[in-house]
**Student:** 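My structure is below; once you've seen it, I'll send some questions.
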There are 2 protein chains.
Amino acid sequence: MKGDKNLMYSIGEVSKLTGISTYTLRYYEKMGLLPNPYRMDGKQNGIRQYNDQDLRFIQFIYGLKQTGMKLKDIALFVEDGCLLTQNNQEIDGIQDVLHKRIELLNKHVNLLEQQLEQLENVMTLANEKRSFYSVMLNEQTSKPVKTF
Amino acid sequence: MKGDKNLMYSIGEVSKLTGISTYTLRYYEKMGLLPNPYRMDGKQNGIRQYNDQDLRFIQFIYGLKQTGMKLKDIALFVEDGCLLTQNNQEIDGIQDVLHKRIELLNKHVNLLEQQLEQLENVMTLANEKRSFYSVMLNEQTSKPVKTF
DNA sequence: CCTTGACTTAGAGCTTACTCTAACAAATAT
DNA sequence: ATATTTGTTAGAGTAAGCTCTAAGTCAAGG
């Protein structure tokens, strides 16, 4: 009844599913990259419980990080929290928040495009170099090339 | 007469042309990422002189670095130096060197392919998120969505 | 019962990759 | 003449992003 599909994950499970260590997950939480998760109530030591939506969000955030977004920018992205509060009240200044988030995503998408371009360049160069070496390997008549 | 096209660059010029600081260029040289460049002889303080081939090599190496190859792996790639010595003598065990370099390039190209894939994933997710926010911005009737 | 995994705060330590300073020398450009 | 750029060695400092330990508590599962 609490999570969708009744699937709730502990921090250890999230760690296994995402490949992010529990240290790092708590660190990200403390740094404001991840929202404070729901906690088990009562005596149960306040254990973090993540649902599927949380998991997808963590993976999204991790993707941003892996592709070069700075932790500080991710924290900016996340800082205003959920777009609607518990009671389905809009947060204050939602327009500004949306603008800010769109801007951060724009900035990152630009970075991604540059990275794609560079990746393709480097790929080409690396392949050329590789071919060159392969040719050298197979050639009997080694011509005098002074090169790397 | 010394360099091709008579173009020789000082470390400062290389820095400007590549966007790598002189500190970093010397650091890379010390770490074995860059071969020891030709030096001006005689009284002239042994100033480093790079030619076009050197410049291209530096850019190639920098591309590897920028796309995630570890400095240590780059150093491995570079460590056996030029493929033919000054006197056009083959270096010892050139086959092994070629194999090693091809292997390092293979490894890196694999990494590049993974990166390309992830970049595209993240691009898609970021674009979706951006669209979602844009829709929220333009919608008058804000539906109760509790989400990031 | 005992291991495992969860929690906390605080803080130390680590890796990678620079980045810069010191302190001195020598050559070039204005 | 002076500022800039280059050179050297050696070493300190910085930043990001973890990674782990300590030292204590709590609760579930075999």
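Within every chain, numbering begins at 1; the chains are lettered A, B, ... in the order of the sequence lines, protein sequences first and strands thereafter. Atoms considered below: every heavy atom in the structure, side chains included; atoms not considered: hydrogens, waters and symmetry mates. All values reported here derive from a predicted model rather than from experimental measurement.
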**Student:** Kindly state whether the ring of B/F148 and the ring of A/F57 have centres lying under 6.0 angstrom apart.
**Tutor:**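 Centroid distance B/F148-A/F57: below 6.0 Å, so yes.
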**Student:** Write down the distance between CD (B/E29) and P (C/dA17), rounded to a whole number of angstrom.
**Tutor:**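 Interatomic distance, CD of B/E29 to P of C/dA17: 18 Å.
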**Student:** For residues B/P37 and B/Y50, report the shortest heavy-atom separation together with the two atoms involved.
**Tutor:**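 Taking B/P37 first and B/Y50 second, the nearest heavy atoms are CB-CE2, 3.7 Å.
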**Student:** Could you check if a side-chain atom of B/T67 sits within less than 4.5 angstrom of a side-chain atom of B/L111, using non-hydrogen atoms only?
**Tutor:**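 Contact flag for B/T67/B/L111 side chains = no.
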**Student:** Could you tell me how far apart B/M31 (CE) and C/dT16 (C1') are, to the nearest whole angstrom?
**Tutor:**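 Rounded to the whole Å, the gap is 12 Å.
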**Student:** Please confirm whether the shortest side-chain N or O distance from B/R48 to OP1 or OP2 of D/dT5 is below 4.0 Å.
**Tutor:**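 B/R48 to D/dT5 OP1/OP2: no side-chain N or O under 4.0 Å.
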**Student:** Take atom CG of A/L25 and atom P of D/dC20, then tell me their distance rounded to the nearest Å.
**Tutor:**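 Between P of D/dC20 and CG of A/L25: 13 Å.
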**Student:** Between C/dC20, C/dT8, D/dG17, which nucleotide gets closest to the side-chain atoms of A/Y27?
**Tutor:**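 Of C/dC20, C/dT8, D/dG17, D/dG17 is nearest to the side chain of A/Y27.
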**Student:** What is the distance, rounded to the nearest whole Å, between atom CD1 of A/I11 and atom P of D/dT19?
**Tutor:**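 Between P of D/dT19 and CD1 of A/I11: 14 Å.
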**Student:** What is the distance from NZ of B/K30 to P of D/dT8, rounded to the nearest Å?
**Tutor:**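 Rounding to the nearest Å, NZ of B/K30 and P of D/dT8 are 10 Å apart.
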**Student:** Can B/E128 and A/R56 be counted as an ion pair, charged N to O under 4.0 angstrom?
**Tutor:**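 The answer is no: the pair does not qualify as a salt bridge.
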**Student:** Indicate yes or no: does A/D80 engage A/K100 in a salt bridge with an N to O separation below 4.0 Å.
**Tutor:**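 Yes, charged N to carboxylate O under 4.0 Å.
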**Student:** Rounded to the nearest Å, what distance is computed from the CD atom of residue A/E13 to the P atom of nucleotide C/dG5?
**Tutor:**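 Distance, rounded to whole Å: 11 Å.
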**Student:** Looking at DNA chain C, which of residues 59-72 of chain B put a heavy atom within less than 4.0 Å of it?
**Tutor:**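 The answer is B/K65, B/K70, B/L71, B/K72.
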**Student:** With a cut-off of less than 4.0 Å, is there a side-chain N or O of A/R26 near OP1 or OP2 of D/dC20?
**Tutor:**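 No, outside the criterion.
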**Student:** Roughly how many Å is it from CD1 in A/I74 to P in D/dC18, rounded to a whole number?
**Tutor:**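 Atom-to-atom, A/I74 to D/dC18, this comes out as 9 Å.
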**Student:** For B/S10, answer base if it contacts any base atom (sugar-phosphate contacts may also be present), sugar-phosphate if it contacts only those atoms, and nothing otherwise; contact means non-hydrogen atoms under 4.0 Å.
**Tutor:**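 Sugar-phosphate only.
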**Student:** Would you say a side-chain N or O of B/Y23 is under 4.0 Å from OP1 or OP2 of C/dA17?
**Tutor:**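 So the side chain of B/Y23 is outside the cut-off, no N or O lying under 4.0 Å from OP1 or OP2 of C/dA17.
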**Student:** Could you measure the distance from the CG atom of A/L137 to the OG atom of A/S131? Nearest 0.5 Å is fine.
**Tutor:**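 Atom-to-atom, A/L137:CG and A/S131:OG are 12.0 Å apart.
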**Student:** How many Å lie between OH on A/Y50 and C1' on C/dA6, as a whole number?
**Tutor:**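 Going from OH in A/Y50 over to C1' in C/dA6 covers 11 Å.
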**Student:** Any Lys/Arg nitrogen of A/E103 or B/R130 sitting under 4.0 Å from an Asp/Glu carboxylate oxygen of the other?
**Tutor:**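 Answer for the salt bridge query: no.
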